[in-house]
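Each remark here refers to the structure printed beneath this line.
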Amino acid sequence: MSRKKGIMSEGFKEELAKELGFYDVVQKDGWGGIRARDAGNMVKLAVEKAQRQLVDKE
């Protein structure tokens with residue numbers, strides 16, 4: 001069974017991880033090494049950034 005390709009680009013995920021302070025874990029252990037809480041915070045931050053972009057376009 002193959003995994004679905006992610007929606008977020010690798011660069012964007014790295015940017016979010018750096019902003020949230022756990023990029024060192026990603027470098028050391030890969031994306032599988034982050035905590036579920038960190039993954040949730042990444043999604044939350046990505047949604048907030050997307051919403052801000054939509055507001056800025058208006």
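Partners of E14 according to the salt bridge (Lys or Arg N to Asp or Glu O under 4.0 Å) rule, which considers only residues two or more places apart in sequence or in another chain, do not exist here.
Within the 4.5 Å cutoff, no side-chain heavy atoms of L20 are placed close to those of D38. Using a 4.5 Å heavy-atom cutoff, the side chains of M42 and F22 are in contact.
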**OP:** Given side-chain contact (heavy atoms from CB on, under 4.5 Å), test K13 with Y23 step by step and report yes or no.
**Re:** CA-CA 9 Å; K13 289 192 303 188; Y23 184 65; over 6 Å; no
Original post:
Step by step, would you call K44 with K49 a side-chain contact (heavy atoms from CB on, under 4.5 Å)?
Top reply: CA-CA 9 Å; K44 182 178 176 183; K49 286 179 175 263; over 6 Å; no
Original post:
Checking side-chain contact (heavy atoms from CB on, under 4.5 Å) for the pair I34/V26: CA distance, chi angles, key distance, verdict?
Top reply: CA-CA 7 Å; I34 67 172; V26 174; 3.7 Å; yes
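With hydrophobic clusters built from ILVMFWY side chains whose heavy atoms lie under 4.5 angstrom apart, M8 shares a cluster with V25.
Other residues sharing a hydrophobic cluster with I7 under the 4.5 Å side-chain heavy-atom criterion for ILVMFWY residues do not exist; the residue is a singleton.
In R52, the CZ atom is crowded: over 12 heavy atoms of neighbouring residues, nucleotides or ligands sit closer than 6.0 Å.
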